[in-house]
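Right, one structure below, let's go through it.
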Amino acid sequence: MLVFHTHKLAPRNDALGARRAMSLRETQAHVIDGEGFARELRADVEVHMKELLEAGVRTGLATVLVGEDYAAQAYERRVRRLAEELGCHYVAEDLAPDIEQADALAVVGKLNADPRVSGILILRPLPQQVAEAEIYRTLDPRKDIEAVHPENAGLLALGEPRFTPSTPASVFYMLDRYVEESGRDPKTFYNGLDLVLVGRSNNVGKPALWLGLARGATVVSAHHFTSQAGRLADHTMAADILIVAAGVPRLVTGEMVKEGVIAIDVGINPVKDEESGRVRLIGDLDFEGVAARAEAISPVPGGVGPITDVWLLRNALEAASHQARP
Ligand code: NAP
């Protein structure tokens, strides 16, 4: 297992930083700087990748994209750029939207067998004719860096992760670093706190649930039936730590949280600005409303997203390191 030591970098003095500083003055919450944490993490990944390369092992990442989903394509572009900047071997499998299951499985089989590929990311969504579960089961578990294969999902649930999926891992990396920077110990901070997760998807909500439990929090999982039953606010109101990953713009408003909550927004929702006609991204939290009551809040964009990209490469590096062992 690689051990990552985080370099603490000075905050950037740029437009984003200035905007954050302004939002800090306008709200009472601390706005968590995901970009800054992503830069720290990237610096560590870069050092370890170089060391591994000097030992003769090049990290390799493959992405599998079926069709032309806007968000998945954007993610593929970001990951490709990062992989190239870090000197990784990178393979993009861009498959036709009408690809048959057998052909998609054959692509996964080819990547499993390619010694230059250490980690594989299957981008969602997959079209209806491609059975997601069978694709995941076909992945070589040693290359399954998002822990979607049942073996890796099971290890994560048991608290013995081979890989920690990049989005929930980034949420907790952000939380741990924020807690640390605010003078508290992340090893004990979560003990007995009420952690409420909104969203229970296999790639974000459920793995986040295991990570929260492993840290000693009391975890509640809310989902669309919770909203349907009119009970969402009952739960969000109780949260000391609130993680929202539902994909519903401004689902959680200021009146739905308690004073002093630490609120992490995973949602990425494109919305069209009525005046300019331009598309911008907003989260699942009503930022201003929640920030007015929170101790800390992560913004969208510039929150969890940038850390997630780097974490994926970190997992590919870890996979390469494992696979290089005799
Ligand atoms: P998903 O697979 O669509 O799952 C959404 C989850 O939210 C489901 O569990 C659903 O409940 C729940 N939900 C939907 N509407 C709800 C409501 N009104 N009230 C309460 N719960 C509700 O989405 P995902 O892949 O987990 O992604 C969630 C969001 O995070 C999306 O906006 C996505 O773009 C974003 N995301 C961000 C990153 C990042 O790096 N920042 C990475 C991945 C995803 P049911 O299970 O009951 O249907």
Side-chain angles (χ1 to χ4, degrees), residues 32-35 37-38 41-42 63 65 69-79 82 121-128 132-133 136 145-148 153 163-175 196-212 219-239 242-253 256-257 263-271 279-287 297-315:
I32 301 176
D33 179 11
E35 304 268 9
F37 287 154
L41 192 64
R42 180 188 160 136
T63 55
L65 172 70
D69 179 75
Y70 175 83
Q73 283 179 326
Y75 190 32
E76 188 202 62
R77 275 196 300 277
R78 288 203 313 274
V79 165
L82 187 59
L121 166 69
I122 312 287
L123 286 151
R124 292 170 71 224
L126 294 172
Q128 252 181 351
E132 198 170 282
Y136 292 168
I145 52 175
E146 282 294 84
V148 291
F163 299 111
T164 313
S166 51
T167 305
S170 301
V171 166
F172 280 95
Y173 179 78
M174 171 183 259
L175 276 168
V196 176
L197 281 160
V198 184
R200 57 169 176 178
S201 69
N202 286 340
N203 57 320
V204 187
K206 277 185 202 146
L209 194 146
W210 301 127
L211 299 181
V219 184
V220 169
S221 169
H223 38 80
H224 93 272
F225 286 117
T226 317
S227 283
Q228 224 172 65
R231 302 285 309 277
L232 186 63
D234 296 350
H235 297 289
T236 55
M237 190 59 98
L242 177 65
I243 299 168
V244 185
V248 181
R250 299 195 181 102
L251 175 66
V252 176
T253 59
M256 294 168 70
V257 301
I264 306 295
D265 197 344
V266 183
I268 301 177
N269 306 293
V271 291
V279 173
R280 64 191 180 92
L281 300 176
I282 65 167
D284 289 354
L285 295 174
D286 168 23
F287 184 85
I297 184 167
S298 75
V300 176
V304 176
I307 307 176
T308 305
D309 299 349
V310 184
W311 200 280
L312 185 78
L313 269 299
R314 179 194 189 277
N315 278 356

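Just follow the structure's listing: the first ligand is 1, and inside any ligand the first atom is 1.
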Shortest protein heavy-atom distance from atom 34 (O) of ligand 1, along with the residue and atom involved: I268 O, 3.5 Å
Look at atom 30 (O) of ligand 1 and say which protein heavy atom is nearest, naming residue and atom and giving the distance to 0.1 Å. V266 O, 3.5 Å
re atom 42 (C) of ligand 1, the protein heavy-atom contact at minimum distance is T167 OG1, 3.1 Å
With nothing but distance in play, are any N or O atoms of S227 less than 3.5 Å from an N or O of ligand 1? yes
Does some non-hydrogen atom of G205 fall short of 4.0 Å from ligand 1? no
Heavy-atom contact under 4.0 Å between Q228 and ligand 1? no
What protein heavy atom sits nearest atom 11 (O) of ligand 1, and how far off is it? H224 N, 3.2 Å
Would you check whether T226 reaches within less than 4.0 Å of ligand 1, judged by its heavy atoms? no
Is any N or O atom of A222, backbone or side chain, closer than 3.5 Å to an N or O atom of ligand 1? no
For atom 27 (O) of ligand 1, the protein heavy atom that lies nearest, with its residue and separation: V204 CG2, 4.4 Å
Name the closest protein heavy atom to atom 24 (P) of ligand 1, giving the residue it belongs to and the distance to 0.1 Å. S201 OG, 3.7 Å
By salt bridge (charged side-chain N to carboxylate O under 4.0 Å, His left out), R280 pairs with (sequence neighbours left out) D273
